[in-house]
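Working notes for the structure below.
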There are 2 protein chains.
Amino acid sequence: MIDLEQRLRSRGCRLTSQREAVLEVLEENQGRPLRPEDIHALAAKRLPGMGLTTVYRTLELFCELGIIAPVHLASGRNYFEVVAGKHRHYMECISCGGVETIEVCMIEELADKVRSGSDFQVTSHCLSLFGYCGECSRKGVAEGHARAGRGWGAA
Amino acid sequence: MIDLEQRLRSRGCRLTSQREAVLEVLEENQGRPLRPEDIHALAAKRLPGMGLTTVYRTLELFCELGIIAPVHLASGRNYFEVVAGKHRHYMECISCGGVETIEVCMIEELADKVRSGSDFQVTSHCLSLFGYCGECSRKGVAEGHARAGRGWGAA
DNA sequence: AATCTTATTGAAAATAGTTTTCAATAAATA
DNA sequence: TATTTATTGAAAACTATTTTCAATAAGATT
(Lines give C-alpha, C1' and ligand atoms only; values in the text may rest on other atoms or scores of the structure.)
Protein backbone atom coordinates (compact mmCIF):
# COMPACT_ATOMS: atom_id res chain seq x y z
CA MET A 1 0.00 0.00 0.00
CA ILE A 2 1.66 3.17 -1.21
CA ASP A 3 1.17 6.67 0.18
CA LEU A 4 -1.21 7.91 -2.45
CA GLU A 5 -1.77 11.30 -0.93
CA GLN A 6 1.91 12.12 -0.86
CA ARG A 7 2.43 11.04 -4.45
CA LEU A 8 -0.49 13.12 -5.59
CA ARG A 9 0.62 16.18 -3.68
CA SER A 10 4.07 16.05 -5.17
CA ARG A 11 2.32 16.93 -8.37
CA GLY A 12 -0.19 19.42 -7.06
CA CYS A 13 -2.96 16.86 -7.34
CA ARG A 14 -5.67 16.20 -4.77
CA LEU A 15 -6.61 13.05 -2.95
CA THR A 16 -10.15 12.05 -3.81
CA SER A 17 -12.32 9.09 -2.93
CA GLN A 18 -12.41 8.13 -6.60
CA ARG A 19 -8.65 7.90 -6.81
CA GLU A 20 -8.51 5.89 -3.63
CA ALA A 21 -11.13 3.52 -4.99
CA VAL A 22 -9.22 2.91 -8.22
CA LEU A 23 -5.99 2.23 -6.36
CA GLU A 24 -7.68 -0.13 -3.93
CA VAL A 25 -9.25 -2.10 -6.74
CA LEU A 26 -5.91 -2.49 -8.48
CA GLU A 27 -4.10 -3.40 -5.29
CA GLU A 28 -6.63 -6.07 -4.47
CA ASN A 29 -6.08 -7.60 -7.88
CA GLN A 30 -2.33 -7.90 -8.12
CA GLY A 31 -1.39 -10.58 -10.59
CA ARG A 32 -4.67 -10.08 -12.43
CA PRO A 33 -4.44 -7.21 -14.93
CA LEU A 34 -7.71 -5.31 -15.31
CA ARG A 35 -9.26 -3.28 -18.08
CA PRO A 36 -10.68 0.21 -17.54
CA GLU A 37 -14.17 -1.20 -17.72
CA ASP A 38 -13.41 -3.83 -15.07
CA ILE A 39 -11.85 -1.24 -12.84
CA HIS A 40 -14.86 0.99 -13.24
CA ALA A 41 -17.25 -1.81 -12.35
CA LEU A 42 -15.31 -2.72 -9.23
CA ALA A 43 -14.68 0.83 -8.11
CA ALA A 44 -18.30 1.79 -8.62
CA LYS A 45 -19.29 -0.88 -6.11
CA ARG A 46 -17.62 1.09 -3.36
CA LEU A 47 -18.39 4.47 -4.85
CA PRO A 48 -21.78 4.33 -6.55
CA GLY A 49 -22.16 6.86 -9.32
CA MET A 50 -18.49 6.96 -10.12
CA GLY A 51 -17.97 7.69 -13.79
CA LEU A 52 -15.99 5.76 -16.34
CA THR A 53 -14.38 8.97 -17.53
CA THR A 54 -12.85 9.41 -14.12
CA VAL A 55 -11.38 5.92 -14.30
CA TYR A 56 -9.67 6.77 -17.57
CA ARG A 57 -8.35 10.02 -16.17
CA THR A 58 -7.14 8.30 -13.02
CA LEU A 59 -5.38 5.56 -14.93
CA GLU A 60 -3.55 8.10 -17.02
CA LEU A 61 -2.51 10.02 -13.93
CA PHE A 62 -1.38 6.91 -12.06
CA CYS A 63 0.70 5.87 -15.06
CA GLU A 64 2.40 9.23 -15.12
CA LEU A 65 3.07 8.92 -11.41
CA GLY A 66 4.49 5.45 -11.93
CA ILE A 67 1.93 3.94 -9.57
CA ILE A 68 0.54 1.60 -12.19
CA ALA A 69 1.67 0.35 -15.57
CA PRO A 70 -0.05 -0.94 -18.65
CA VAL A 71 0.07 -4.65 -19.40
CA HIS A 72 0.11 -5.78 -23.00
CA LEU A 73 -2.06 -8.75 -23.70
CA ALA A 74 -3.04 -10.28 -27.02
CA SER A 75 -6.52 -8.86 -27.22
CA GLY A 76 -5.10 -5.44 -27.87
CA ARG A 77 -7.15 -3.88 -25.13
CA ASN A 78 -5.57 -1.99 -22.34
CA TYR A 79 -4.97 -3.72 -19.07
CA PHE A 80 -3.38 -2.26 -15.97
CA GLU A 81 -1.68 -3.42 -12.82
CA VAL A 82 -0.02 -1.77 -9.86
CA VAL A 83 3.73 -1.45 -10.02
CA ALA A 84 4.66 -3.67 -7.11
CA GLY A 85 8.10 -4.57 -5.83
CA LYS A 86 8.15 -7.63 -8.00
CA HIS A 87 8.07 -7.13 -11.72
CA ARG A 88 5.58 -9.36 -13.50
CA HIS A 89 4.97 -10.59 -17.00
CA TYR A 90 2.22 -12.76 -18.35
CA MET A 91 1.44 -15.63 -20.65
CA GLU A 92 -2.00 -15.45 -22.18
CA CYS A 93 -3.82 -18.42 -23.63
CA ILE A 94 -5.11 -17.54 -27.09
CA SER A 95 -7.76 -20.19 -26.76
CA CYS A 96 -9.39 -19.66 -23.38
CA GLY A 97 -7.95 -16.24 -22.57
CA GLY A 98 -6.48 -17.44 -19.29
CA VAL A 99 -3.56 -15.44 -17.94
CA GLU A 100 -0.61 -16.95 -16.09
CA THR A 101 2.39 -15.24 -14.57
CA ILE A 102 5.84 -15.80 -16.08
CA GLU A 103 8.13 -16.77 -13.26
CA VAL A 104 11.38 -16.02 -15.03
CA CYS A 105 12.13 -12.73 -16.74
CA MET A 106 15.24 -11.80 -18.63
CA ILE A 107 14.35 -8.27 -19.45
CA GLU A 108 16.99 -6.78 -17.22
CA GLU A 109 19.69 -8.77 -18.95
CA LEU A 110 18.33 -7.75 -22.30
CA ALA A 111 18.15 -4.11 -21.27
CA ASP A 112 21.76 -4.35 -20.12
CA LYS A 113 22.81 -5.67 -23.49
CA VAL A 114 20.95 -2.87 -25.19
CA ARG A 115 22.58 -0.32 -22.95
CA SER A 116 26.04 -1.50 -23.78
CA GLY A 117 25.26 -1.77 -27.47
CA SER A 118 23.51 1.51 -28.12
CA ASP A 119 22.75 4.89 -26.59
CA PHE A 120 19.07 4.13 -26.24
CA GLN A 121 17.93 4.80 -22.66
CA VAL A 122 15.44 2.09 -21.73
CA THR A 123 12.78 3.17 -19.23
CA SER A 124 10.14 0.49 -19.67
CA HIS A 125 9.19 -2.44 -21.80
CA CYS A 126 6.43 -4.73 -22.89
CA LEU A 127 6.79 -8.46 -22.76
CA SER A 128 4.12 -11.11 -22.95
CA LEU A 129 3.99 -14.63 -24.26
CA PHE A 130 1.03 -16.03 -26.14
CA GLY A 131 0.13 -19.62 -26.80
CA TYR A 132 -1.94 -22.35 -25.27
CA CYS A 133 -2.24 -23.06 -21.59
CA GLY A 134 -1.74 -26.62 -20.41
CA GLU A 135 -5.41 -27.36 -20.33
CA CYS A 136 -6.18 -26.07 -23.81
CA SER A 137 -3.14 -27.89 -25.22
CA ARG A 138 -4.45 -31.14 -23.82
CA LYS A 139 -7.87 -30.49 -25.31
CA GLY A 140 -6.17 -30.33 -28.69
CA VAL A 141 -7.30 -26.80 -29.44
CA ALA A 142 -3.82 -25.97 -30.67
CA GLU A 143 -3.81 -26.98 -34.32
CA GLY A 144 -2.81 -25.15 -37.42
CA HIS A 145 -2.40 -21.88 -35.63
CA ALA A 146 -0.12 -19.02 -36.56
CA ARG A 147 1.42 -16.25 -34.52
CA ALA A 148 -1.03 -14.41 -32.39
CA GLY A 149 -1.32 -11.07 -30.70
CA ARG A 150 -3.18 -7.85 -30.36
CA GLY A 151 -6.48 -9.09 -31.60
CA TRP A 152 -5.18 -10.31 -34.93
CA GLY A 153 -3.83 -13.67 -35.69
CA ALA A 154 -5.40 -15.43 -32.78
CA ALA A 155 -7.70 -18.33 -33.51
CA MET B 1 9.01 -12.65 -51.45
CA ILE B 2 6.68 -15.48 -50.51
CA ASP B 3 4.35 -17.38 -52.80
CA LEU B 4 1.19 -15.56 -51.89
CA GLU B 5 -1.06 -17.38 -54.31
CA GLN B 6 -0.13 -20.76 -52.94
CA ARG B 7 -0.65 -19.71 -49.35
CA LEU B 8 -4.03 -18.27 -50.16
CA ARG B 9 -5.14 -21.33 -52.10
CA SER B 10 -4.24 -23.63 -49.26
CA ARG B 11 -7.09 -21.95 -47.50
CA GLY B 12 -9.53 -21.65 -50.32
CA CYS B 13 -8.79 -17.96 -50.66
CA ARG B 14 -8.26 -16.08 -53.90
CA LEU B 15 -5.35 -14.02 -55.10
CA THR B 16 -6.43 -10.44 -55.67
CA SER B 17 -4.61 -7.29 -56.63
CA GLN B 18 -5.53 -5.79 -53.28
CA ARG B 19 -3.87 -8.59 -51.38
CA GLU B 20 -0.81 -8.33 -53.56
CA ALA B 21 -0.63 -4.62 -52.94
CA VAL B 22 -0.79 -5.01 -49.17
CA LEU B 23 1.93 -7.63 -49.19
CA GLU B 24 4.17 -5.56 -51.44
CA VAL B 25 3.82 -2.54 -49.21
CA LEU B 26 4.75 -4.54 -46.14
CA GLU B 27 7.65 -6.24 -47.87
CA GLU B 28 9.06 -2.94 -49.02
CA ASN B 29 8.98 -1.70 -45.46
CA GLN B 30 10.70 -4.43 -43.53
CA GLY B 31 12.12 -3.06 -40.33
CA ARG B 32 9.52 -0.30 -40.31
CA PRO B 33 6.25 -1.49 -38.75
CA LEU B 34 3.21 0.13 -40.36
CA ARG B 35 -0.31 0.88 -39.17
CA PRO B 36 -3.42 -0.09 -41.13
CA GLU B 37 -3.85 3.53 -42.14
CA ASP B 38 -0.28 3.75 -43.44
CA ILE B 39 -0.67 0.53 -45.32
CA HIS B 40 -3.87 1.77 -46.87
CA ALA B 41 -2.29 5.01 -47.99
CA LEU B 42 0.65 3.23 -49.58
CA ALA B 43 -1.40 0.47 -51.17
CA ALA B 44 -3.90 2.94 -52.57
CA LYS B 45 -1.10 4.60 -54.48
CA ARG B 46 -0.73 1.52 -56.61
CA LEU B 47 -4.38 0.60 -56.52
CA PRO B 48 -6.45 3.79 -56.50
CA GLY B 49 -9.83 3.34 -54.93
CA MET B 50 -8.72 0.58 -52.65
CA GLY B 51 -10.73 0.65 -49.44
CA LEU B 52 -9.51 0.77 -45.87
CA THR B 53 -11.90 -2.03 -44.97
CA THR B 54 -10.07 -4.31 -47.34
CA VAL B 55 -6.79 -3.49 -45.65
CA TYR B 56 -8.20 -4.53 -42.28
CA ARG B 57 -9.59 -7.72 -43.74
CA THR B 58 -6.32 -8.50 -45.48
CA LEU B 59 -4.25 -7.89 -42.37
CA GLU B 60 -6.42 -10.26 -40.40
CA LEU B 61 -6.13 -12.91 -43.08
CA PHE B 62 -2.35 -12.51 -43.41
CA CYS B 63 -1.98 -12.85 -39.65
CA GLU B 64 -3.95 -16.06 -39.69
CA LEU B 65 -1.77 -17.33 -42.52
CA GLY B 66 1.34 -16.40 -40.57
CA ILE B 67 2.50 -14.08 -43.35
CA ILE B 68 2.60 -11.03 -41.12
CA ALA B 69 2.56 -10.41 -37.39
CA PRO B 70 1.49 -7.55 -35.17
CA VAL B 71 4.14 -5.40 -33.54
CA HIS B 72 3.45 -3.89 -30.15
CA LEU B 73 4.59 -0.33 -29.77
CA ALA B 74 3.94 2.12 -26.98
CA SER B 75 1.25 4.13 -28.71
CA GLY B 76 -1.09 1.20 -28.42
CA ARG B 77 -2.00 1.30 -32.06
CA ASN B 78 -1.62 -1.73 -34.19
CA TYR B 79 1.45 -2.02 -36.30
CA PHE B 80 2.32 -4.86 -38.64
CA GLU B 81 5.36 -6.32 -40.30
CA VAL B 82 6.06 -9.28 -42.53
CA VAL B 83 7.32 -12.38 -40.80
CA ALA B 84 10.77 -12.55 -42.33
CA GLY B 85 13.50 -15.07 -41.69
CA LYS B 86 14.99 -12.87 -39.03
CA HIS B 87 12.90 -12.18 -36.00
CA ARG B 88 12.83 -8.51 -35.01
CA HIS B 89 11.99 -6.47 -31.97
CA TYR B 90 11.93 -2.75 -31.49
CA MET B 91 12.83 0.06 -29.16
CA GLU B 92 10.55 3.04 -29.42
CA CYS B 93 11.48 6.51 -28.26
CA ILE B 94 8.69 7.89 -26.09
CA SER B 95 9.82 11.39 -26.89
CA CYS B 96 10.23 11.54 -30.67
CA GLY B 97 8.50 8.29 -31.56
CA GLY B 98 11.52 6.98 -33.41
CA VAL B 99 11.79 3.22 -33.76
CA GLU B 100 15.05 1.28 -33.66
CA THR B 101 15.64 -2.42 -34.04
CA ILE B 102 16.88 -4.43 -31.08
CA GLU B 103 19.87 -6.42 -32.23
CA VAL B 104 19.82 -8.97 -29.46
CA CYS B 105 16.78 -10.96 -28.47
CA MET B 106 16.52 -13.47 -25.68
CA ILE B 107 12.99 -14.58 -26.25
CA GLU B 108 13.91 -18.05 -27.35
CA GLU B 109 15.86 -18.62 -24.17
CA LEU B 110 12.97 -17.28 -22.15
CA ALA B 111 10.50 -19.46 -23.99
CA ASP B 112 12.72 -22.45 -23.31
CA LYS B 113 12.71 -21.70 -19.63
CA VAL B 114 8.95 -21.38 -19.68
CA ARG B 115 8.62 -24.67 -21.50
CA SER B 116 10.65 -26.51 -18.93
CA GLY B 117 8.89 -24.84 -16.05
CA SER B 118 5.27 -25.13 -17.11
CA ASP B 119 2.98 -26.79 -19.60
CA PHE B 120 2.17 -23.57 -21.38
CA GLN B 121 2.76 -23.95 -25.12
CA VAL B 122 4.25 -20.68 -26.38
CA THR B 123 3.39 -19.82 -29.98
CA SER B 124 4.19 -16.12 -30.13
CA HIS B 125 5.17 -13.21 -28.00
CA CYS B 126 5.33 -9.49 -27.74
CA LEU B 127 8.49 -7.69 -26.76
CA SER B 128 9.36 -4.04 -27.12
CA LEU B 129 11.50 -1.64 -25.18
CA PHE B 130 10.52 1.95 -24.53
CA GLY B 131 12.65 4.84 -23.47
CA TYR B 132 14.64 7.64 -25.03
CA CYS B 133 16.71 7.36 -28.14
CA GLY B 134 20.25 8.69 -28.05
CA GLU B 135 19.32 11.99 -29.61
CA CYS B 136 16.43 12.72 -27.26
CA SER B 137 18.52 11.70 -24.25
CA ARG B 138 21.15 14.21 -25.23
CA LYS B 139 18.54 16.92 -25.63
CA GLY B 140 17.62 16.29 -22.01
CA VAL B 141 14.03 15.40 -22.73
CA ALA B 142 14.28 12.48 -20.32
CA GLU B 143 13.48 13.96 -16.93
CA GLY B 144 11.08 12.88 -14.26
CA HIS B 145 9.47 10.28 -16.44
CA ALA B 146 7.75 7.10 -15.33
CA ARG B 147 7.08 3.84 -17.12
CA ALA B 148 5.54 4.21 -20.50
CA GLY B 149 3.51 2.17 -22.86
CA ARG B 150 0.34 1.74 -24.82
CA GLY B 151 -0.57 5.38 -24.89
CA TRP B 152 -0.52 5.84 -21.18
CA GLY B 153 2.37 6.86 -19.06
CA ALA B 154 4.39 8.37 -21.82
CA ALA B 155 5.36 11.99 -21.55
C1' DA C 1 -15.86 27.15 10.94
C1' DA C 2 -16.59 30.00 6.75
C1' DT C 3 -14.68 31.37 2.52
C1' DC C 4 -12.14 31.03 -1.49
C1' DT C 5 -9.55 29.06 -5.28
C1' DT C 6 -9.12 25.75 -8.48
C1' DA C 7 -8.51 20.70 -9.23
C1' DT C 8 -11.78 17.17 -10.01
C1' DT C 9 -15.94 15.11 -11.27
C1' DG C 10 -19.96 13.11 -14.18
C1' DA C 11 -22.66 13.37 -18.29
C1' DA C 12 -22.91 14.08 -22.83
C1' DA C 13 -20.86 14.86 -27.12
C1' DA C 14 -17.05 14.05 -30.00
C1' DT C 15 -13.41 11.31 -31.91
C1' DA C 16 -10.65 7.36 -33.52
C1' DG C 17 -10.10 2.88 -34.76
C1' DT C 18 -12.20 -1.25 -36.20
C1' DT C 19 -15.97 -4.36 -37.62
C1' DT C 20 -20.28 -5.51 -39.84
C1' DT C 21 -23.64 -5.36 -43.47
C1' DC C 22 -24.90 -5.73 -48.11
C1' DA C 23 -25.22 -5.21 -52.93
C1' DA C 24 -21.91 -5.14 -56.74
C1' DT C 25 -17.74 -7.11 -58.65
C1' DA C 26 -14.34 -10.26 -60.13
C1' DA C 27 -11.47 -14.64 -59.49
C1' DA C 28 -11.29 -19.36 -60.41
C1' DT C 29 -13.87 -23.38 -62.13
C1' DA C 30 -16.54 -25.91 -65.20
C1' DT D 1 -18.42 -18.38 -71.99
C1' DA D 2 -21.21 -19.23 -68.18
C1' DT D 3 -21.34 -20.14 -63.35
C1' DT D 4 -20.28 -20.08 -58.59
C1' DT D 5 -18.88 -17.82 -54.75
C1' DA D 6 -15.00 -15.27 -52.54
C1' DT D 7 -13.94 -10.50 -52.39
C1' DT D 8 -14.60 -5.73 -52.57
C1' DG D 9 -16.05 -0.73 -51.36
C1' DA D 10 -19.21 2.26 -49.05
C1' DA D 11 -21.91 3.18 -45.43
C1' DA D 12 -23.51 2.15 -41.06
C1' DA D 13 -22.59 0.26 -36.66
C1' DC D 14 -19.74 -0.45 -32.85
C1' DT D 15 -16.25 -0.05 -29.18
C1' DA D 16 -12.92 2.25 -26.73
C1' DT D 17 -11.22 6.53 -25.49
C1' DT D 18 -11.01 11.64 -25.19
C1' DT D 19 -12.87 16.21 -24.89
C1' DT D 20 -16.03 19.69 -23.29
C1' DC D 21 -18.30 22.05 -19.75
C1' DA D 22 -21.00 23.25 -15.89
C1' DA D 23 -21.34 21.56 -11.12
C1' DT D 24 -18.85 19.88 -7.18
C1' DA D 25 -15.58 19.34 -3.58
C1' DA D 26 -10.58 19.28 -1.81
C1' DG D 27 -7.51 21.85 0.59
C1' DA D 28 -5.61 26.43 1.61
C1' DT D 29 -6.64 30.83 3.73
C1' DT D 30 -8.87 33.55 6.76
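Atom set for the values below is all heavy atoms of this structure, side chains included, hydrogens, waters and symmetry mates excluded. Every chain is numbered from 1, with letters handed out A, B, ... down the list of sequences.
Residues Glu28(B) and Arg46(B) are paired through a salt bridge, judged by an N-O separation under 4.0 Å between the basic side chain and the carboxylate. Here Arg11(A) pairs with Glu64(A) in a salt bridge; the nearest charged N to carboxylate O distance falls below 4.0 Å.
Candidate nucleotides dT8(C), dT19(C), dT8(D) were compared by shortest atom distance to the side chain of Arg19(A), and dT8(C) ranks first. In this structure, the nucleotide among dA26(D), dT8(D), dG10(C) sitting nearest to the side chain of Thr16(A) is dA26(D).
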If you restrict it to nitrogen or oxygen atoms, what contacts under 3.5 Å exist between nucleotides 20-25 of chain C and the protein, and what is each distance?
none

Short heteroatom pairs, N/O only, protein and nucleotides 1-3 of chain D, under 3.5 Å:
none

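In this model, the phosphate group of dG9(D) is approached by a side-chain N or O of Gln18(B) to a distance below 4.0 Å at OP1 or OP2. Side-chain nitrogen and oxygen atoms of Tyr56(B) include none within less than 4.0 Å of the OP1 or OP2 phosphate oxygen of dT19(C). Distances shorter than 4.0 Å separate none of the side-chain N or O atoms of Asn78(A) from OP1 or OP2 on dA16(D).
Rounded to whole Å, the distance from CG on Leu52(B) to P on dA12(D) is 16 Å. Atom CG of Leu15(A) is separated from atom P of dT6(C) by 20 Å (rounded to the nearest Å). The interatomic distance linking Ile39(B) (CD1) with dT18(C) (C1') rounds to 14 Å, in whole Å. If you take CD of Glu20(B) and C1' of dT8(D), they are 15 Å apart, rounded to a whole angstrom. In this structure, CZ of Arg35(B) is placed 11 Å from C1' of dG17(C), rounded to the nearest angstrom. Rounded to whole Å, atom P of dT7(D) lies 11 Å from atom CZ of Phe62(B). In this structure, CG of Leu61(A) is placed 13 Å from P of dA7(C), rounded to the nearest angstrom. Note: NE2 (His40(A)) to P (dA11(C)) measures 8 Å, nearest angstrom.
Distance check: Glu100(A) CD to Phe120(B) CZ gives 6.0 Å after rounding to the nearest 0.5 Å. One distance of note links CZ of Phe80(B) with CZ of Arg35(B); it measures 12.0 Å at 0.5 Å rounding. Residue Ile68(B) holds its CD1 atom at 4.5 Å from CG of Leu59(B), rounded to the nearest 0.5 Å.
In this structure, the ring of His89(B) has its center no less than 6.0 angstrom from the ring center of His72(B).
With no hydrogens or angles considered, a side-chain donor-acceptor pair links Glu81(A) and Tyr90(A) at under 3.5 Å. Neither side chain, Gln18(B) nor Thr54(B), offers a donor N or O lying under 3.5 Å from an acceptor on the other.
Closest approach of His125(A) to Leu129(B), counting heavy atoms only: CB-CD2, 3.5 Å.
Between the base of dT6(C) and the side chain of Arg14(A) there is a donor-acceptor pair shorter than 3.5 Å.
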